[in-house]
Amino acid sequence: MNLKDTLNLPRTQFPMRGNLVQREPERLTHWENLDLYAKIQAKNADGPLFLLHDGPPFTNGDVHIGTALNKILKDFILRYKSMRGYRTPYLPGWDCHGLPIEHKVSRELRAAKKDLTPAQLREECAAFSEKYIGVQRGQFKRLGVLADWEREYKTKNPAYEAEILKTFATFVEKGLVYRSKKPVYWSIPCETALAEAEIEYHDHVSPSIWVKFRVSEPQKFGLPEDSFFVIWTTTPWTLPANLAVAVHPDLQYTQVAHQGETYVVALPLAEQFIADCALEGATTKGQHLGKDFDGAETRHPFIDRASPVVLADYVTTEAGTGCVHTAPGHGLEDYLSGLKYGLEIYCPLDDKGCYVDDGQVPENLVGVSVLEQNGKCPANDAVLAIIGDNGTLLQCKRFEHQYPHCWRSKTPVVFRAMDQWFVSLDHNGLRQQVLDAIDGVQFIPERGENRIRGAVETRPDWCISRQRSWGVPIPAFYTEDGDALLDAEVIRALAAKVALHGTNIWFEQEPEQLLEGIELPAAFAGKTLKKGTDTLDVWIDSGCSHLAVLKHAPDLKWPADLYLEGSDQHRGWFQSSLWTGMIAAGEPPYKKIITHGFIVDGKGEKISKSKGAMSSDGWVEKYGADIMRLWVCSQDYRGDIRLSDGHFKLVTNTYRSIRNTLYFQLGNLSDFDPANDSVPDGELDPLDQWALKQTADLVAACTEAFELAEFHRVYQLIDRFCGVTLSRIYHDILKDRLYTFGRDWKERRSSQTAIHQIFTTLTRLLAPILTFTCDEALSYAATDGDFADDSVHLQGWPVIDSGLYDDAVATDIEQILEFRNRVNEKLEGLREQKVIGKSLDARVLIRGTESDALFTLLQRYQPQLAELFIVSEVSLDAAADGELTLDAEHADGVRCPRSWRWVPELVSAGEYGEVSPRDRDALLSQPLT
RNA sequence: GGGCGAUUAGCUCAGCUGGUUAGAGCAUCGUGUUGAUAACGCGAGGGUCACUGGUUCGAAUCCAGUAUCGCCCA
């Protein structure tokens, strides 16, 4: 008879290894068969509503690892709230329109030599987007993200597009929408505006010129007669559009005197300037701050008009003269200066890139093209001829630099001001209302408030028009005179049509058909109208989601309780949603905003662009979703989040530790039926009471962490609980009791009662994080099989009944366990001397006085001490005086071959041979299994 | 260049309103067990709290600057 077979050793089919990559998908199928999402929603049908509104990811590829992180964090919160009894409908969204898709599709079509109409191109874009919605939906599901996929929203759905137009109608109605010029990248051969993403930077040789601008009243600014500001530029063709000279307000400027003329340039650049322009014998003198020239005026070098000096912070001393040629129609910074100083956004170019005759452009420039071909730019040459002739050109050189080129025609692009639509953000105090409203929003982390406040304060009026096809059209019509029809009622009527047919009708139908049955404002009635070709900024699309998704759904609510996105969205979705909410409904669309940082590599640097590292799926296929979720849980997401194989391996370690804890508990609960075998409250063994108190503390701490959305604290707490509280202390001590005691002995049942409580608690605390594993563990608890009809996700948040433990007892045990560390040190000493191997080989001798609180505590718990220290004997001897002393030595007596404890003598247990008296009793109390 | 942040052991985190030799877990090393075994126990080493200055009797903790990294803007 092998005594080992008489022990109550752990028994479970729960696999020690997770094998997540292979097994998780099976559980997903199981959940789908159960219709788990619906069951969870049904469970809390009468609970309070908690609404997390999903920010729609862009649908142009696999799920990015950052998006996976985002969705997992949302899932943590929703699952937690659901376990707390909240109704948590979650409608995932998809952001479908936009340049990246249009650009990619255009490239593919171009490669296939297909030339499509805008309507056809849009069909291709829609198909492209739909394809990746499918891909991403599958990948989100694989991550364990629980959502109402039946009710997902897509910004390209007709109903959604109609909502965008209706929102836009409100903008128009409130008088916020106006038309103005703004510079955009323009490809002359393609006659189209380009976005940043359509720009390629190539090496390019440009002329580099120094041009003097005569100061009108030099004496007013302490300058001699014949003074000039000298500008430097590499685009001579923009000079006809020059309207100002910019200087930095806080930069030092000086006068360079040369042959009777005085040139004003930045002091740090003066020497370089003299060298560049070969001004032999030039001298410098005087110092001026840039702001001293505020209000000064220069004359344009070849057009009879003023070019005022303006102050601008973006002026640098990296190149040039510190005096910057400013053409508001040909550059973004110039444009901003233009807005600041009320200059015209002037751009005398037609669509083909030729100067127009507007009465200001010199006659010999009219019709000249600014397009550079074969290294020749007619406009540059013509301008150089003019300023060369009239003596305002100081120097001209070759200049090699990176210059933006059109991705299609490969020609240099130009910056050209065009009519755009804007939303005025200061109309009727709107901006201030938005800033005030931010006060009512809660931010996690708190610094998010600064971030969005800064963005709202500083952003210029919202340019909402894009020269693209894949988007919601700006519903404007134009007369032959160029007057724009943008009318709220007309837009609403169009929205009604779009709700039925989608925005494709805008691209397919003629204006007459589009406007059929729609009453026009008197000024436009009967006129021939052309429809506009611009589309809306996609931030309007996604910024309307709260209106399109939440506002009218009877089972949802507005505003949302929570938005949760990456920190880049302070300037993106959080802000666009805030503006639309304030304009359309007078309130922010969210009560609370949580932001997470960005994923960086193992060194804390921007993640490399290699595809494998960016794709969520690559990591899931390698480690499994629960590991991925635990990785998300492990780090404080408010800062950067680190990602590397090393990080995943560490998380995998923690996972194994947790899984093993559950494995041990399941194994030791195999013969425990909670209904019949539980020990009543108040009768639990002291150590079990201590363990339950620890568990209650864990629940409290984890609950607080979940409430604050500080999941990394949960990770730390659980890790320590499994590794230390359970594995190192509780489980380790319990082994003797669980394995060798009689199966039905009260001490053993007491421990099983506690373990069952702890197991139930642990699986629930972790259910929002390790969704697969906790569900799996619970199945094994119920059926010792992989699947069960019940799910951990239908359980409530755990509570430890305080009647299960006595605080005073728990405190006593806590102190004894602390003392245990000193015992372990002693035992390690014996082990080093090869006196003992396992701790059961030892006996512990403690001497102390009755006045010593610790000693009397130990005395009170004397019967438990050997078990708590995992030794064979503990002797307590009263001493007359002195400190408490502790010794350890090899135990006396004989070793029981069953329990491995040393006892004074063995007794006969019949066929089992000689064992300790306690083991004999245990053997006799239970039949062999 | 501007705005918002971050920087504590190899890794992930604690360290509240400044106060004794800066704490955990994981990892590492040593070791014991072989009745949680692709497990478990015991022990040990490891940090000038990014750097520099300042405030203070006293600073990881407050202030300023520098460096590095991230996000946004230009």
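Base contact: A:Lys4 has a heavy atom under 4.0 Å from a base atom. Within 4.0 Å (heavy atoms only), A:Lys834 reaches sugar-phosphate atoms of the nucleic acid but no base atom. Here A:Gly639 lies out of heavy-atom contact (under 4.0 Å) with every strand. Here A:Thr654 lies out of heavy-atom contact (under 4.0 Å) with every strand. Nucleic acid contact class of A:Arg451 (heavy atoms, under 4.0 Å, all strands): base. No engagement by A:Asn668 is indicated, since no non-hydrogen atom pair under 4.0 Å with the nucleic acid exists. As judged by a 4.0 angstrom heavy-atom cut-off over every strand, A:Glu828 is placed among the base-contacting residues. Using a 4.0 Å heavy-atom criterion, one finds that A:Pro897 contacts the bases of the nucleic acid, with or without backbone contacts as well. The residue A:Arg820 sits close only to the backbone: its heavy atoms come under 4.0 Å of sugar-phosphate atoms, none of a base. Among the heavy atoms of the strands lying under 4.0 Å from A:Gly604 are primed sugar atoms or P, OP1, OP2 only; no base atom is included. Among the heavy atoms of the strands lying under 4.0 Å from A:Gln716 is at least one base atom, whether or not backbone atoms are also near. Residue contacts shown for A:Asn660 include a base, since a base heavy atom lies under 4.0 Å away.
Partner of A:Val915 under the side-chain contact (heavy atoms from CB on, under 4.5 Å) criterion, chosen from A:Thr6, A:Leu906, A:Leu923: A:Leu923. Of the candidates A:Arg737, A:Arg918, A:Lys735, A:Arg737 is the only one forming a salt bridge (charged side-chain N to carboxylate O under 4.0 Å, His left out) with A:Glu867. Results of the side-chain contact (heavy atoms from CB on, under 4.5 Å) test with A:Tyr623 over A:Leu20, A:Val21, A:Asp645 single out A:Asp645 as the only residue that passes.
Contact annotation: the side chain of A:Val600 never approaches that of A:Ile641 to less than 4.5 Å [non-hydrogen atoms, C-beta and beyond].
Proximity of A:His570 to the phosphate of B:rC73: no side-chain N or O atom is located under 4.0 Å from OP1 or OP2. For B:rC26, neither phosphate oxygen OP1 nor OP2 lies less than 4.0 angstrom from any side-chain nitrogen or oxygen of A:Tyr655. In this structure, A:His647 reaches the B:rU12 phosphate: one of its side-chain N or O atoms is under 4.0 Å from OP1 or OP2. Residue A:Lys603 places no side-chain N or O under 4.0 Å from the OP1 or OP2 atom of B:rU68.
A cation-pi arrangement is present between A:Arg659 and A:Phe14, with the terminal nitrogen or guanidinium carbon under 6.0 Å from the aromatic centre and inside a 45° cone about the axis.
In this structure, of B:rA27, B:rA36, B:rC71, it is B:rA36 that holds the atom nearest to the side chain of A:Met16. When the nucleotides B:rG5, B:rG25, B:rA27 are ranked by their closest atom to the side chain of A:Asn450, B:rG5 comes out on top. Listed candidates were B:rC72, B:rG41, B:rG70. Nearest to the side chain of A:Asp732 is B:rG41. For A:Arg17, the side-chain atoms get nearest to B:rA38 when compared with the rest of B:rA36, B:rU12, B:rA38. The side chain of A:Arg447 lies closest to B:rC4 when the candidates are B:rC13, B:rC73, B:rC4. The side chain of A:Tyr663 lies closest to B:rU37, out of B:rU37, B:rU33, B:rC71. Comparing B:rG5, B:rU34, B:rG30 by their closest approach to the side chain of A:Lys838 singles out B:rU34. Across B:rA38, B:rA36, B:rU12, the shortest atom-to-atom separation from the side chain of A:Gln635 is found for B:rU12.
Using P as the reference atom, B:rG15 and B:rU61 are 15 Å apart when rounded to the nearest Å. Between B:rC51 and B:rA67, the distance separating the two P atoms is 16 Å to the nearest Å. B:rC62 and B:rU56 are spaced 10 Å apart, taking the C1' atom of each and rounding to whole Å. If you take atom C1' in B:rC16 and the same atom in B:rG54, they sit 25 Å apart, rounded to whole Å. Taking atom P in both B:rG47 and B:rG23, one finds a spacing of 13 Å when rounded to whole Å.
Atom CD of A:Glu704 has 12 or fewer heavy atoms from other residues, nucleotides or ligands within 6.0 Å.
For the segment residues 724-731 of chain A, the set of residues with a heavy atom within less than 4.0 Å of an atom of RNA chain B comprises A:Val724, A:Ser727, A:Arg728, A:His731, in numerical order.
A donor and an acceptor atom never sit less than 3.5 Å apart when one is taken from the side chain of A:Lys649 and the other from the base of B:rA27.
Comparing A:Glu825 and A:Gly597 along RNA chain B, the residue whose closest nucleotide (by nearest heavy atom) sits nearer the 5' end is A:Glu825. Toward the 5′ end of RNA chain B lies the nearest nucleotide of A:Arg713, the other residue of the pair A:Arg713 and A:Arg720 mapping further downstream.
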Quick one: the dot-bracket string of RNA chain B, using Watson-Crick and G-U wobble pairs with both distances under 3.5 Å, [ ] for crossing pairs and | for bases paired to another strand.
(((((((..((((.....[...)))).(((((.......))))).....(((((..]....)))))))))))).

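Atom pair A:Arg453:CZ and B:rG5:C1' shows a separation of 17 Å (rounding to whole Å applied). With rounding to whole Å, A:Ile733 atom CD1 is found 17 Å from B:rC40 atom P. Here B:rU33 presents its P atom at 19 Å from CZ of A:Arg901, a figure rounded to the nearest Å. What separates CG of A:Asp645 from P of B:rA27 is a distance of 17 Å, to the nearest Å. Taking atom CD1 of residue A:Ile641 and atom C1' of nucleotide B:rC13, one finds them 15 Å apart after rounding to whole Å. Rounded to whole Å, the distance from CD on A:Glu457 to P on B:rC4 is 11 Å. If you measure from atom CG of A:Asp640 to atom C1' of B:rC72, you get 13 Å, rounded to the nearest angstrom.
Judged by ring centres under 5.5 Å apart and planes tilted less than 30 degrees, A:Trp900 stacks against the six-membered base ring of B:rG35.
Taking the six-membered ring for Trp and thresholds of 30 and 60 degrees, A:Phe706 and A:Phe711 have ring planes more than 60 degrees apart, a perpendicular arrangement.
For an aromatic pair to be called close, the ring centres must be under 6.0 Å apart, and A:Trp619 with A:Phe648 satisfies this.
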